[in-house]
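Written below as structure tokens is the structure these notes are about.
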Amino acid sequence: MPVSDAVLTQILAQLEAMQVSQQTMQAKLDALTTQTGSSPLEPTAPKPFDVAVSPPTSPSKVPTTPPNVPTSTTSAPTISAPTAPATKETAPPSVGGLTSSAPSLSTRPTGVSDKERERLLYPGRVNLTTYPDQHGIKPVPLSWGASDPSVRGPIICSRLPSSIKTRNAIGAHSGSYSIYRALSIAMGALDPTHKPDYSNTEPPVDIPPNPAWFDASKIVSFDPWGHLVPSVFNSLSSPSATYPAGLDIRPSIAVTKAHLKMSELDDAARKGELKVDGSIVLQSRPIRREDGSVDEEAFAGVEVATSKAAVEPVWYLPGVAERFGISESLLRRALFEDTGGMYPELITRPDVKVFLPPIGGLTVYIFSNPACMRDETKELTLRVHDECNGSDVFGSDICTCKPYLTYAIEECIRTAQKGGVGVVVYFRKEGRALGEVTKYLVYNLRKRGGDSADKYFKSTEMIAGVKDMRFQALMPDVLHWMGIKKIDNMVSMSDMKYDAIVKSGIPILKRYDIPDHLIPPDSRVEIDAKIAAGYFSSGKQVTQADLVKTVGRTWEETEH
């Protein structure tokens, strides 16, 4: 039956009264716990393990969530311990607000049970979630797309006592590797209050701000300031009216230099397809025998100088939702539900617009001076490559991933040697972002059911329900971060990648695929199926009627 306006008004008034009551109780609790420096959102500092632990006491049970929200919380007992004698110590270094005077918890003590250890690590009550109007909640201001980093603000996601009330992001740094951090803390290998010293970690090559950083719609899948965090937010080490002291601010991008050493590049140099120029392609050190003597006759191969950047995902949720053409509320609900409710604040904190998803990031390899990427007069060759561990690392020949990757690297090197620049972007999206387990199940289905090109995509859909979950809409962000304005050569047959880049505002002048002679025989099934499905091909044309003729080898042919 319809509800009258009077009833709705009465319900609203009751909800507002309960909210005021909750805030009043929260304020009283904060006042009562001032002496210990703790609050429901700021647990007491952990105590050292080498002190006596007294029997637990039961704290007063005061609700920390609005009464009308069905969220359960757990109260952890308080731990009392003798006060350690005061000692004078040198203050730890402070970089970007990263200071800590908390005792070390990295050593697993003897004679302390796991339950006691849990209470020492996490002495406060379990806070399952927070709410925008909850007492004490004051997120660090964050203005995505602002040109001034002090206005844009740092990404704060830590649940440490110094940051938990000021968080402006949901999730944890390091993506899926945050799980290993949790294990390290539980095992006693890592002090949860450890703060890195970022001295001497600054990038050796310059990736400076460009106009795309200041457009909130251009870069939405990671923090463009991520590699500059220790420098641009260093002033936040001192408390101010805007930023409290002790913020846990961490880089989400690291830039470095390296040499690549690959057997495929050695072969290309041996054939004369790559020239040793002494700056980009270098002669490797001579090969030595077991006795230490130099083998003058052996070909040592080559090494390739490169700059590279590792990027962790940081999602600006309104921008990600817009990029996929869905509402932000739908995006938040889907993320919450299909991570098993892992992040309740996707639902309870609509005011927090940034999410650090527990997924793999990407790596960029730059051949030649990175400044050339921003110079439109320089030729630029690009390969956007999605991870394939079986082929890229172990050389499986059921797909063309490794040949595509190595061919693209060679093309990037040749472009760099002509005065241009080559870029390879390597995304962690194993098995078309379906995962390696799903991919192997599909392999089994294909080999048992007749591995023909006409069944290639259908086999994937039968297992995964979809043939591809890479959804390239977020992929161009990294190109905008690097300041790329046009691409002369793109080594790819993927229309999804091509369309996403062009739609983002970066023109592609030429695209080409892997030469036919580099395609392994067993991966012909994949290539022909893609060509017939409309993927770009500069050579062979395949119709749907032809697909039944392209058949991969059976398992029996590989068992010797």
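What's counted below: heavy atoms across the whole structure, side chains too, no hydrogens, waters or symmetry copies. One is the number of the first residue; the rest follow in order along the sequence.
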Problem set entry | Donor-acceptor contact below 3.5 Å, side chain R470 vs main chain E430 | no
Problem set entry | Heavy-atom check, side chain of I170 versus side chain of R332, under 4.5 Å | yes
Problem set entry | Side-chain heavy-atom pair T166, S163 within 4.5 angstrom cut-off | yes
Problem set entry | Sequence-distant partners of S327, side-chain contact (heavy atoms from CB on, under 4.5 Å), two or more places apart | S329, L330
For this session: State which residue, out of L434, L441, N444, fulfils the side chain to side chain contact (heavy atoms under 4.5 Å, CB included) condition with I463.
Result: L441
Exercise. Hey, are S391 and S396 close enough side-chain-wise for a donor-acceptor pair under 3.5 Å?
Worked result: no
Problem set entry | Side-chain heavy-atom pair S492, R383 within 4.5 angstrom cut-off | yes
Problem set entry | Nearest heavy atoms of V220 and A216, plus distance in Å | CG1-O, 3.3 Å
For this session: In sequence, state the C-alpha distance, the side-chain angles, and the governing distance for R152 and W225, and then conclude on side-chain contact (heavy atoms from CB on, under 4.5 Å).
Result: CA-CA 9 Å; R152 206 306 295 269; W225 297 94; 3.6 Å; yes
For this session: Mind listing the closest non-hydrogen atom pair of A169 and L356 along with its distance?
Result: CB-CD1, 3.9 Å
Exercise. How many angstroms lie between CE in M373 and CG in L382, if you round to the nearest 0.5 Å?
Worked result: 11.0 Å
Exercise. So do R432 and T460 actually touch side chain to side chain, heavy atoms under 4.5 Å?
Worked result: yes
Exercise. For Y131, does its backbone N or O pair with a side-chain atom of Q134 as donor and acceptor, under 3.5 Å?
Worked result: yes
Exercise. Of all heavy-atom pairs between C399 and P403, which one has the smallest distance, and what is that distance?
Worked result: O-CD, 4.5 Å
In residues 307-324, what donor-acceptor pairs under 3.5 Å come from side-chain atoms, sequence neighbours left out?
{"from": "E312", "atom 1": "OE1", "to": "S174", "atom 2": "N", "distance (Å)": "3.0"}
{"from": "R323", "atom 1": "NH1", "to": "A473", "atom 2": "O", "distance (Å)": "2.8"}
{"from": "R323", "atom 1": "NH1", "to": "D477", "atom 2": "OD1", "distance (Å)": "2.8"}
{"from": "R323", "atom 1": "NH2", "to": "S217", "atom 2": "O", "distance (Å)": "2.9"}
{"from": "R323", "atom 1": "NH2", "to": "K218", "atom 2": "O", "distance (Å)": "3.3"}
{"from": "R323", "atom 1": "NH2", "to": "D477", "atom 2": "OD1", "distance (Å)": "3.1"}

Problem set entry | Sub-4.5 Å side-chain heavy-atom contact between N127 and T130 | no
For this session: Would you check, one step at a time, whether the test side-chain hydrogen bond (donor to acceptor under 3.5 Å, both in side chains) holds for S178 with H173?
Result: CA-CA 6 Å; S178 62; H173 283 296; over 6 Å; no
Seminar exercise, completed: Rounded to the nearest 0.5 angstrom, the CD1-OH distance for I519 and Y407 is 11.0 Å
Exercise. How close do T415 and E379 get, heavy atom to heavy atom, and via which atoms?
Worked result: CG2-O, 3.6 Å
For this session: Using modelled atom types only, decide if a donor and an acceptor are shared between the side chain of Y343 and the backbone of G171 within a distance under 3.5 Å.
Result: no
Exercise. Atom CG in D338, atom CG in L335: separation rounded to 0.5 Å?
Worked result: 8.5 Å
Exercise. At their closest point, which heavy atom of I207 faces which heavy atom of P370, and how far apart are they?
Worked result: CD1-CB, 4.3 Å
Exercise. CD1/I487 to CD1/I506 distance, rounded to the nearest 0.5 angstrom?
Worked result: 5.5 Å
For this session: Step by step, work out the side-chain contact (heavy atoms from CB on, under 4.5 Å) result for V491 and I514.
Result: CA-CA 7 Å; V491 185; I514 186 174; over 6 Å; no
Exercise. Any chance NZ of K402 has more than 12 other-residue heavy atoms, nucleotides or ligands included, within less than 6.0 Å?
Worked result: yes
For this session: Give a yes or no answer on whether the side chain of W144 reaches the backbone of D215 with a donor-acceptor pair at less than 3.5 Å.
Result: no
Exercise. So which pairs with a foot in residues 343-362 pass salt bridge (Lys or Arg N to Asp or Glu O under 4.0 Å), sequence neighbours left out?
Worked result: R167-E345, E328-K353, R349-D351
Seminar exercise, completed: Heavy atoms of A146 and V151 approach each other most closely as CB-CG1, 3.9 Å
Exercise. Does the side chain of K497 reach to within under 4.5 Å of the side chain of M490, using non-hydrogen atoms?
Worked result: yes
Problem set entry | Trace of the side-chain contact (heavy atoms from CB on, under 4.5 Å) decision for L479 with M482 | CA-CA 5 Å; L479 308 181; M482 294 183 287; 4.0 Å; yes
For this session: Please tell me if the side chains of I501 and I508 come closer than 4.5 Å, counting only heavy atoms from C-beta onward.
Result: yes
Exercise. Between OH of Y404 and CG of D513, what distance do you get to the nearest 0.5 Å?
Worked result: 4.5 Å
Problem set entry | side-chain hydrogen bond (donor to acceptor under 3.5 Å, both in side chains) between R428 and T363, worked out | CA-CA 9 Å; R428 267 66 183 188; T363 309; 2.6 Å; yes
Problem set entry | side-chain contact (heavy atoms from CB on, under 4.5 Å) assessment of N210 paired with W481 | CA-CA 8 Å; N210 71 74; W481 173 67; 5.8 Å; no
Exercise. Under 3.5 Å, is there a donor-acceptor pair between the side chain of D488 and the main chain of L380?
Worked result: yes
Exercise. For the residue pair Y443 and Y440, does the interplanar ring angle fall in the parallel (under 30°), tilted (30 to 60°) or perpendicular (over 60°) class?
Worked result: parallel
Exercise. Is it true that a side-chain atom of T438 and a backbone atom of G435 form a donor plus acceptor pair closer than 3.5 Å?
Worked result: no
Exercise. Any salt bridge between D495 and R511, counting N to O under 4.0 Å?
Worked result: yes
For this session: First locate atom CG of L346, then atom CE of M342, and finally report the distance between them rounded to the nearest 0.5 Å.
Result: 10.5 Å
Exercise. According to the interplanar angle, ranging from 0 to 90°, do the rings of Y426 and H385 count as parallel (below 30°), tilted (30 to 60°) or perpendicular (above 60°)?
Worked result: parallel
Problem set entry | Whether K378 side chain and V421 backbone form a donor-acceptor pair below 3.5 Å | no
Problem set entry | Polar side-chain atom of D468 near backbone of M496 as donor-acceptor pair, under 3.5 Å | no
For this session: Report yes if some heavy atom in the side chain of I185 is under 4.5 Å from a heavy atom in the side chain of H194; otherwise report no.
Result: no
Exercise. D248 side chain to S158 main-chain N or O, any donor-acceptor pair under 3.5 Å?
Worked result: no
Exercise. Would D386 and Q472 count as having a side-chain donor-acceptor pair, cut-off 3.5 Å?
Worked result: yes
For this session: Keeping the roles fixed (side chain from W213, backbone from P224), state whether a donor-acceptor pair exists under 3.5 Å.
Result: no
For this session: List the steps and the verdict of salt bridge (charged side-chain N to carboxylate O under 4.0 Å, His left out) for R250 and D223.
Result: CA-CA 11 Å; R250 301 183 179 236; D223 177 9; over 6 Å; no
For this session: Answer yes or no: does atom NZ of K503 have more than 12 heavy-atom neighbours from other residues, nucleotides or ligands under 6.0 Å?
Result: no
